[in-house]
Asks: 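Okay, handing you the structure first.
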Amino acid sequence: MAATPQNLLRARVGEAVAAAFGDDLEMPEPLVVPTSDARHGDYTTPVAMTLARTLGRSPYELAQRLAAALQVEPVADPPEVVRPGFVNLRLHSAWLAQRVGELVGDECVGVDPAPAPARVVVDYSGPNVAKAMHVGHLRSTIIGDSVANVAELLGHEVERVNHVGDWGTQFGMLIAHLDDRGPLGEEAGSGDLAQVEALYREANARFAADEAFRERARRRVVELQAGDAGVQKIWRWLVGLSMAENQAVYDLLGVRGLVARGESTYQPMLAKVVADLEAANLVVVDDGAKCVFVDGFTNAEGEPLPLIVQKADGGYNYETTDLAALRSRVEQGAGRLVYVVDAGQSQHFQMVFAVARMAGWLPEGVEATHVAFGLVLGEGGRRLRTRSGDSVRLVDLLDEAVQRARRFVVERAEERGEAVPGDVDEVARVVGVGAVKYADLSQHRQSNYVLSFDRMLSLKGNTAPYLQYAYARIRSILREAGWDGGVPDDRPPVILDEPQELDLAKRLVVTGDVVSRVAEDYLSNHLCTHLFEVAQAYHQFYEHCPVLRSPEPLRSSRLALCEVTAATLRLGLGLLGIEVLDRI
RNA sequence: GCCCCUGUAGCUCAGCUGGAUAGAGCGGCUGCCUUCUAAGCAGCGGGUCGCAGGUUCGAGUCCUGCCGGGGGCGCCA
């Protein structure tokens, strides 16, 4: 448990509640919360009010008894009791100073490892073969990568799995269409993904309109699944072409360690999944399809809704694949399964998890979570879809972001009469890509995300560039002081006399709280808010408190604040998958 | 029709298992660069938290109903 104020105070309040009101009492929650207003101190406990009814006493009286039993030194000043029954706590500046001192040189800035490390499989990105990645894949990739980063920092063994859409009916269509359109792509090097995508759209249209074509497409799927050499060759070519193009996007995004394990991986396991479900008496054949009915799910007519695990034509579908993948991951020792997939799939995952529980493939101790996120919308609030033709390719979106960042750097240099930095391309990439990621991650993931180039690339406000800029400013100071290579072992203690120093320190000591919360709720926007608050507090400190010009021991104390701030931004942005620069 | 998400400042959004006078950013207006990077800082203005009830000492937060937006609802993935 990280030595954060909230953790420490929670423990003390818990002890005080037991001491004052008896330890057989059910502990009220929450024990300690941050105050809404600095006038009420830094933290408060509302437990006296919570307990007032069950104990039949006035909250104020209970608050006084609680305060009398409460030992918060040296973390906080003596508690203050306020009507109707708050017990307010103000952090002791000496404790804060000491705590910040402990964080100097700590790359994890007070984030402690999880008590029970587990094997965590994070399933994200999931592009489809034969289609370029579009903005819809952006959120899964960015959010999933951050989820994996956070789990990894907490000491979990993380497996980043790219569940590529490389199997299924669409290949039947595509291959059947290629039959008619000639041997595009069968010669190595001919054709590119844009061409394939156009063919995909044509195939889709024919599939919808032409019964004979539909029939032929289904045959092609069966041949593919049966391992027909000719069909497999085309399929492999399509997969290779798509993955090469996707890799360019991952390189640009700086997403690493993502292991492609497509739907086809699980193909050999599908028959056994169905057979085992049948053996467990979970399967009902309905209209020729093998179904597992799950309590609590109904269709549009109000009838029970099944999870179909084998279609009437004998083919398997993605429900079967997801079950096979889940089962295989658990068998390989996963303690936690995380699926970063859009919110539209939430019923699907509920049903898959439910069936997996019924089949015993998801034991009690293993946690499966669907980390759902909202849609990507256009400026008008309309949904962006590939089929509608007005969607943005991910490569184009990122390129545009990088170009805008580059333009800004060049213009700023010209305004100041300085030379354009030699590493302008690198700066543009880090800032542009960072801006795109941050715009997404700083938003609550459940809500629909309105994509706006102007907003996401705005270099002001609660954006990645603001944080990166703050970081670069700090690094500049640390460089001047000779602290950039490492901090001196022999340092005077941290001094927090100015209100800006105190405020900055209060924010620096809670990173452990924030990260553990994000690890639980997968809501990266809380981390973003924290980093923004740290950066704002730093800028206020920067305006009011000279660092390099101050005499010792103030100079070293302020350098220590700079150092911990830089480490916080570096760590936090790193968790979001965003790079930092020593100079901008 | 049923299920899930959602409605907070002009715009985009936060709001931590119910806590005190609901917060940011953008945009608008006013100041601050001979001083560690002005991508910054200080300040001003901006609200019936969709509507109506209910529970509670206390509701943006929980419950019910209604209105509006999005998504999903058996053989695509």
Side-chain angles (χ1 to χ4, degrees), chain A residues 6 29-30 33-37 39-40 44 46 49-50 52-53 58-59 82-86 88 126 128 165 167-170 173 204 207 263 286-291 296-313 315 317-319 321-322 342-348 350 372 374-375 377 381 383 408-409 412 416 431 442-444 446-448 450 452 454-455 458-463 465-466 468-470 472-477 479-481 513-514 517 521 523 525-526 528-529 532-533 536 539-540 542-544 546-550 558 562 583-584:
Chain A
Q6 203 163 352
E29 288 290 339
V33 291
T35 56
S36 55
D37 190 311
R39 288 183 298 110
H40 303 127
T44 192
M49 291 177 291
T50 316
R53 188 145 23 109
S58 89
V82 175
R83 290 190 185 279
F86 292 102
N88 292 340
N128 295 310
W167 206 247
T169 314
Q170 76 268 26
M173 295 181 214
N204 226 359
F207 191 83
E263 294 171 345
D286 201 45
D287 286 340
K290 291 181 181 171
C291 301
F297 294 90
T298 53
N299 66 13
E301 281 76 47
E303 297 151 0
L305 181 69
L307 190 77
I308 293 179
V309 293
Q310 189 169 13
K311 299 187 285 181
D313 66 5
N317 51 21
Y318 90 133
E319 286 87 339
T321 303
D322 276 352
D342 72 90
Q345 307 291 319
S346 92
Q347 180 175 271
H348 165 73
Q350 284 176 35
L375 299 172
L377 303 176
R383 184 176 183 171
F408 178 87
V409 174
R412 190 183 63 158
R416 293 181 178 178
V431 172
S442 59
Q443 198 108 164
H444 190 106
Q446 300 254 35
S447 52
N448 290 342
V450 179
S452 156
D454 284 336
R455 219 175 8 257
S458 162
L459 302 173
K460 296 194 284 185
N462 185 9
T463 63
Y466 175 90
Q468 288 166 327
Y469 176 66
R473 278 180 135 185
I474 302 169
R475 293 296 292 177
S476 168
I477 291 176
R479 229 176 2 253
E480 287 291 316
D513 280 335
V514 175
R517 180 179 170 194
D521 61 19
L523 291 174
N525 59 307
H526 294 134
C528 293
T529 300
F532 181 59
E533 286 170 354
Q536 268 190 324
H539 274 133
Q540 287 160 21
Y542 177 92
E543 293 288 326
H544 294 94
V547 178
L548 297 171
R549 294 193 305 274
S550 294
R558 290 181 173 171
C562 288
R583 297 169 214 265
I584 293 185

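Chain letters run A, B, ... following the sequence lines, proteins first, then strands; residues in each count from 1.
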Asks: Return the minimal non-hydrogen interatomic distance between A:Ile308 and A:Cys291, and the atom names on each side.
Replies: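 Shortest heavy-atom separation between A:Ile308 and A:Cys291 comes out as CG1-SG, 4.0 Å.
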
Asks: To the nearest 0.5 angstrom, please state how far the CD atom of A:Gln540 sits from the CD atom of A:Glu543.
Replies: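 If I round to the nearest 0.5 Å, the distance is 9.0 Å.
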
Asks: Determine whether A:Lys311 and A:Thr169 make a side-chain contact, defined as any pair of heavy atoms from C-beta on separated by less than 4.5 Å.
Replies: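 A:Lys311 vs A:Thr169: side chains touch.
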
Asks: By the 4.0 Å heavy-atom rule, please label A:Asp521 as base, sugar-phosphate, or nothing.
Replies: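 Nothing, no heavy atom under 4.0 Å.
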
Asks: When you get a sec, tell me which of B:C4, B:G40, B:C76 is the closest nucleotide to the side chain of A:His539?
Replies: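 Looking only at side-chain atoms, A:His539 lies closest to B:G40.
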
Asks: Considering every strand and a 4.0 Å limit on heavy-atom distances, what is the contact class for A:Cys562: base, sugar-phosphate, or nothing?
Replies: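 Nothing: the residue A:Cys562, judged by heavy atoms under 4.0 Å, touches no strand.
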
Asks: Verify, without hydrogens or angle tests, whether A:Ser476 (side chain) and A:Ala472 (backbone) share a donor-acceptor contact under 3.5 angstrom.
Replies: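 No; zero donor-acceptor contacts below 3.5 Å.
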
Asks: I'd like the P distance from B:C16 over to B:A24, given in whole Å.
Replies: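 The same atom, P, in both gives a distance of 16 Å.
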
Asks: Please tell me if A:Thr529 has a side-chain N or O lying less than 4.0 Å from either OP1 or OP2 of B:G23.
Replies: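 Checking A:Thr529 against B:G23: no side-chain N or O falls below 4.0 Å of OP1 or OP2.
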
Asks: For the P atoms, the ones on B:A9 and on B:C49, what distance do you get once it is rounded to whole angstrom?
Replies: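 The same atom, P, in both gives a distance of 10 Å.
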
Asks: Please list, pair by pair, any protein nitrogen or oxygen found under 3.5 Å from a nitrogen or oxygen in nucleotides 33-37 of chain B.
Replies:
{"unit_1": "B:U35", "atom_1": "O2'", "unit_2": "A:Arg549", "atom_2": "NH1", "d": "2.7"}
{"unit_1": "B:U35", "atom_1": "O2", "unit_2": "A:Arg549", "atom_2": "NH2", "d": "3.3"}
{"unit_1": "B:C36", "atom_1": "O2", "unit_2": "A:Leu548", "atom_2": "N", "d": "3.0"}
{"unit_1": "B:C36", "atom_1": "N3", "unit_2": "A:Val547", "atom_2": "N", "d": "3.0"}
{"unit_1": "B:C36", "atom_1": "N4", "unit_2": "A:Tyr542", "atom_2": "O", "d": "2.7"}
{"unit_1": "B:C36", "atom_1": "N4", "unit_2": "A:Cys545", "atom_2": "O", "d": "3.0"}
{"unit_1": "B:U37", "atom_1": "OP1", "unit_2": "A:Ser476", "atom_2": "OG", "d": "2.7"}
{"unit_1": "B:U37", "atom_1": "OP2", "unit_2": "A:Ser476", "atom_2": "OG", "d": "3.3"}
{"unit_1": "B:U37", "atom_1": "O2'", "unit_2": "A:Tyr469", "atom_2": "OH", "d": "2.2"}
{"unit_1": "B:U37", "atom_1": "O2'", "unit_2": "A:Arg473", "atom_2": "NE", "d": "2.7"}
{"unit_1": "B:U37", "atom_1": "N3", "unit_2": "A:Ile584", "atom_2": "O", "d": "3.4"}
{"unit_1": "B:U37", "atom_1": "O4", "unit_2": "A:Ile584", "atom_2": "N", "d": "3.1"}

Asks: Please state the C1' separation for the pair B:C11 and B:G74 - nearest whole angstrom.
Replies: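 Taking atom C1' in both B:C11 and B:G74, they lie 42 Å apart.
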
Asks: Expressed as a whole number of angstroms, how long is the span from A:Asp287:CG to B:C75:C1'?
Replies: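 A:Asp287 atom CG is separated from B:C75 atom C1' by 9 Å.
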
Asks: Nearest whole angstrom, please: distance from the P of B:A38 to the OH of A:Tyr466.
Replies: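 In whole Å, B:A38 P and A:Tyr466 OH are 12 Å from each other.
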
Asks: What stems show up for RNA chain B when you take Watson-Crick pairs (N1-N3 plus N6-O4 or O6-N4) and G-U wobbles (N1-O2, O6-N3), both under 3.5 Å, and require three or more consecutive pairs?
Replies: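 Runs of three or more consecutive pairs: B:1-5 with B:69-73, B:10-13 with B:23-26, B:28-32 with B:40-44, B:50-54 with B:62-66.
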
Asks: Roughly how far, to the nearest 0.5 Å, is NE2 of A:His444 from NE2 of A:His526?
Replies: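 It is 7.5 Å, given to the nearest 0.5 Å.
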
Asks: Is the glycosidic torsion of B:C4 within 90° of 0, making it syn, or is it anti?
Replies: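 B:C4: anti.
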
Asks: Rounded off to whole Å, could you give me the NE2-to-C1' distance for the A:His348 and B:G71 pair?
Replies: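 Value for this atom pair: 16 Å.
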
Asks: Report yes if some heavy atom in the side chain of A:Thr35 is under 4.5 Å from a heavy atom in the side chain of A:Phe86; otherwise report no.
Replies: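 A:Thr35 vs A:Phe86: side chains apart.
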
Asks: Phosphate oxygens OP1/OP2 of B:A42: is one of them under 4.0 Å from a side-chain N or O of A:Gln540?
Replies: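 Indeed, a polar side-chain atom of A:Gln540 lies that close.
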
Asks: When rounded to the nearest Å, what value does the distance between P atoms of B:C63 and B:A22 take?
Replies: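 Result for the P pair: 23 Å, nearest Å.
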
Asks: More than 12 heavy atoms of other residues, nucleotides or ligands under 6.0 Å from CZ of A:Arg583: is that the case?
Replies: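 Open: at most 12 neighbouring heavy atoms sit under 6.0 Å from CZ of A:Arg583.
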
Asks: Just call it for A:Gly302: base, sugar-phosphate, or nothing, with non-hydrogen atoms closer than 4.0 Å on any strand.
Replies: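 Since no nucleic acid heavy atom lies under 4.0 Å of A:Gly302, the category is nothing.
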
Asks: Minimum heavy-atom separation for A:Pro84 and A:Met49, please, with both atom names.
Replies: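 Answer, listing the atom of A:Pro84 first, then A:Met49: CG-SD, 3.6 Å.
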
Asks: Taking N or O atoms only and anything under 3.5 Å, show me the protein contacts with nucleotides 15-22 of chain B, one pair per line.
Replies:
{"unit_1": "B:G15", "atom_1": "OP1", "unit_2": "A:His526", "atom_2": "NE2", "d": "2.9"}
{"unit_1": "B:C16", "atom_1": "O4'", "unit_2": "A:Arg517", "atom_2": "NH2", "d": "2.8"}
{"unit_1": "B:U17", "atom_1": "N3", "unit_2": "A:Glu29", "atom_2": "OE1", "d": "3.3"}
{"unit_1": "B:U17", "atom_1": "O4", "unit_2": "A:Glu29", "atom_2": "OE1", "d": "2.3"}
{"unit_1": "B:A20", "atom_1": "OP2", "unit_2": "A:Ser36", "atom_2": "OG", "d": "3.1"}
{"unit_1": "B:A20", "atom_1": "N6", "unit_2": "A:Thr44", "atom_2": "OG1", "d": "3.1"}
{"unit_1": "B:A20", "atom_1": "N6", "unit_2": "A:Asn88", "atom_2": "OD1", "d": "2.5"}
{"unit_1": "B:A20", "atom_1": "N1", "unit_2": "A:Asn88", "atom_2": "ND2", "d": "3.1"}
{"unit_1": "B:U21", "atom_1": "N3", "unit_2": "A:Arg39", "atom_2": "NH2", "d": "3.1"}
{"unit_1": "B:U21", "atom_1": "O4", "unit_2": "A:Arg39", "atom_2": "NH1", "d": "3.0"}
{"unit_1": "B:U21", "atom_1": "O4", "unit_2": "A:Arg39", "atom_2": "NH2", "d": "2.6"}

Asks: Is any side-chain nitrogen or oxygen of A:Gln170 closer than 4.0 Å to OP1 or OP2 of B:A77?
Replies: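 So the side-chain polar atoms of A:Gln170 never come under 4.0 Å of the phosphate oxygens OP1 or OP2 of B:A77.
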
Asks: Using the P atom on both, measure B:A14 against B:U6 and round to a whole Å.
Replies: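 Result for the P pair: 10 Å, nearest Å.
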
Asks: Quick one: A:Asp313 CG to B:C76 C1', roughly how many Å, whole number?
Replies: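 That distance rounds to 12 Å.
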
Asks: Applying ring pair (Phe, Tyr, Trp, His ring centres under 6.0 Å), can you list everything that pairs with A:His348, at least two apart in sequence or on another chain?
Replies: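 Expected list: A:Tyr318.
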
Asks: I want to check one thing: is the phosphate of B:C13, taken as OP1 and OP2, less than 4.0 Å away from some side-chain N or O of A:Ser442?
Replies: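 Indeed not, no polar side-chain atom of A:Ser442 lies that close.
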
Asks: Indicate for each nucleotide in nucleotides 59-64 of chain B, in 5' to 3' sequence, whether protein heavy atoms under 4.0 Å reach the base (B), only the sugar-phosphate (S), or nothing (-).
Replies: ------

Asks: Just do the side chain to side chain contact (heavy atoms under 4.5 Å, CB included) check on A:Ile477 and A:Tyr542 with the steps written out, would you?
Replies: CA-CA 10 Å; A:Ile477 291 176; A:Tyr542 177 92; 3.9 Å; yes

Asks: Would you kindly give the CD-to-P distance between A:Gln443 and B:U6, to the nearest whole Å?
Replies: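 So the CD-P distance, A:Gln443 to B:U6, works out to 14 Å.
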
Asks: Using whole Å, report how far CD of A:Gln446 lies from C1' of B:G70.
Replies: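 Rounding to the nearest Å, CD of A:Gln446 and C1' of B:G70 are 13 Å apart.
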
Asks: Does the side chain of A:Ile584 reach to within under 4.5 Å of the side chain of A:Arg412, using non-hydrogen atoms?
Replies: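 The answer is yes; the side chains approach within 4.5 Å.
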
Asks: Any side-chain heavy atom of A:Tyr466 sitting closer than 4.5 Å to one from A:His539?
Replies: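 A:Tyr466 reaches A:His539 side chain to side chain.
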
Asks: Suppose you measure atom C1' in B:G15 against the same atom in B:U61; what distance do you get, rounded to whole Å?
Replies: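 Their C1' atoms lie roughly 9 Å apart.
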
Asks: So, taking the atom named CD in A:Glu29 and the one named OG1 in A:Thr50, what distance separates them when rounded to the nearest 0.5 Å?
Replies: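 It is 9.5 Å, given to the nearest 0.5 Å.
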
Asks: Tell me which nucleotide among B:C76, B:C13, B:G70 gets nearest to the side chain of A:Asn448.
Replies: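 Among the listed nucleotides, the one closest to the side chain of A:Asn448 is B:G70.
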
Asks: Can you tell me how far C1' of B:G74 sits from CD of A:Gln345, to the nearest Å?
Replies: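 Going from A:Gln345 (CD) to B:G74 (C1'), I get 15 Å.
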
Asks: Side chains of A:Gln347 and A:Leu305, heavy atoms from C-beta outward: is any pair under 4.5 Å?
Replies: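 Yes; the side chains approach each other to less than 4.5 Å.
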
Asks: When the C1' atoms of B:U17 and B:C62 are considered, how many whole Å apart are they?
Replies: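 Between the two C1' atoms, the distance is 12 Å.
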
Asks: What does the list of N/O pairs under 3.5 Å between the protein and nucleotides 25-29 of chain B look like, with a distance for each?
Replies:
{"unit_1": "B:G25", "atom_1": "OP1", "unit_2": "A:Gln536", "atom_2": "NE2", "d": "3.4"}
{"unit_1": "B:G27", "atom_1": "OP1", "unit_2": "A:Lys460", "atom_2": "NZ", "d": "3.2"}

Asks: Kindly say whether A:Ala289 contributes a backbone atom to a donor-acceptor pair with the side chain of A:Asp287 at under 3.5 angstrom?
Replies: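 Here the side-chain-to-backbone pair does not exist.
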
Asks: Give the rounded distance in Å between these two atoms: CD of A:Gln350 and C1' of B:C4.
Replies: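 Answer to the nearest Å: 8 Å.
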
Asks: Given side chains that start at C-beta, do those of A:Cys528 and A:Gln443 come closer than 4.5 Å, heavy atoms only?
Replies: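 Contact flag for A:Cys528/A:Gln443 side chains = no.
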
Asks: Would you say A:Pro306 and A:Asp286 make side-chain contact, with heavy atoms under 4.5 Å?
Replies: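 No; the side chains remain at least 4.5 Å from each other.
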
Asks: Say you pick atom C1' in B:U12 and the same atom in B:C51; how far apart are they, in whole Å?
Replies: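 About 24 Å, rounded to a whole number of Å.
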
